[in-house]
Amino acid sequence: MSFDTLVQFGDHAADPHGTTSNRALKANELVLFDLGTMTQNYASDASRTVAFGAVPKDIHDIYDVVLHAQQAAQQQAKIGMTAGELDHIARQVIEEAGYGQYFNHRLGHGLGSSVHEYPSIMPDSHLILQENMVFSIEPGIYIPGTAGIRIEDSGYLSANGFIPFTQTTKNFTVL
Ligand SMILES: [Mn+2]
């Protein structure tokens with residue numbers, strides 16, 4: 001594994017920098033997974049959030065906001081734009097849905113022989129994104145006391161746009 005696997009349940013996932021704990025899983029809450037592996041000395045990193053049982057509609061709606069933000073950034077990433085512009089694409093989707101204050105970290109980070117590397121995909125960065133840069137796109141919404149939702153793919157930037165390494169479904173999944 002490229003870092004300690006993170007699994008967080010329900011309100012516990014509202015801390016995006018939290019850790020796995022002894023908090024027991026309850027019915028009808030979200031489960032956030034964040035994990036990666038090392039392959040030929042290169043790190044991977046991916047996150048998925050799934051439902052364990054039925055979750056309230058407002059939680060499902062928030063999931064859709066995160067998914068739209070993640071997909072917008074992934075689809076619009078292109079060579080020559082700045083890291084700040086890419087961050088803004090996802091952040092704007094979340095802000096327009098009214099959850100801007102709950103997306104409290106950068107959009108993504110580079111990865112290579114370690115899991116967090118240059119470039120940093122963050123607000124106001126003027127760094128130009130270049131062909132074959134490898135980075136994550138991982139917007140999230142974290143509502144204290146309620147839930148945390150993050151969807152993350154890592155990939156590389158090609159002439160045809162962002163090519164994700166992760167193929168796992170991002171459709172809302174109920175276990
Ligand atoms: Mn990551």
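Note that ligands are numbered from 1 as they come in the structure, with each ligand's atoms numbered from 1 the same way. These values consider heavy atoms only, across backbone and side chains, with no hydrogens, waters or symmetry-generated copies.
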Co-members of L25 in a cluster of I, L, V, M, F, W and Y side chains, linked at under 4.5 Å: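 Its cluster partners, ordered by chain and number, are M1, V7, F9, V31, F33, L35, V50, F52, L175.
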
With sequence neighbours excluded, residues passing ring pair (Phe, Tyr, Trp, His ring centres under 6.0 Å) with H12: none

Scan side-chain atoms only and decide if E138 and H105 contain a donor-acceptor pair under the 3.5 Å cut-off. no

Check: E85 side chain, T82 main-chain N or O, donor-acceptor pair, under 3.5 Å: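 Confirmed, E85 side chain pairs with T82 backbone.
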
If we ignore hydrogens and angles and just use 3.5 Å, is the side chain of H88 paired with the main-chain N or O of G84 as donor and acceptor? no

Pair up each side-chain donor or acceptor in residues 155-166 with any protein partner under 3.5 Å, not counting sequence neighbours, and list the distances.
unit_1	atom_1	unit_2	atom_2	d
S158	OG	N160	N	2.9
S158	OG	G161	N	3.3
S158	OG	G161	O	2.9

For the Mn ion (ligand 1), state how many protein N, O or S atoms fall inside a distance shorter than 2.8 Å.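 That number is 4, waters not included.
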
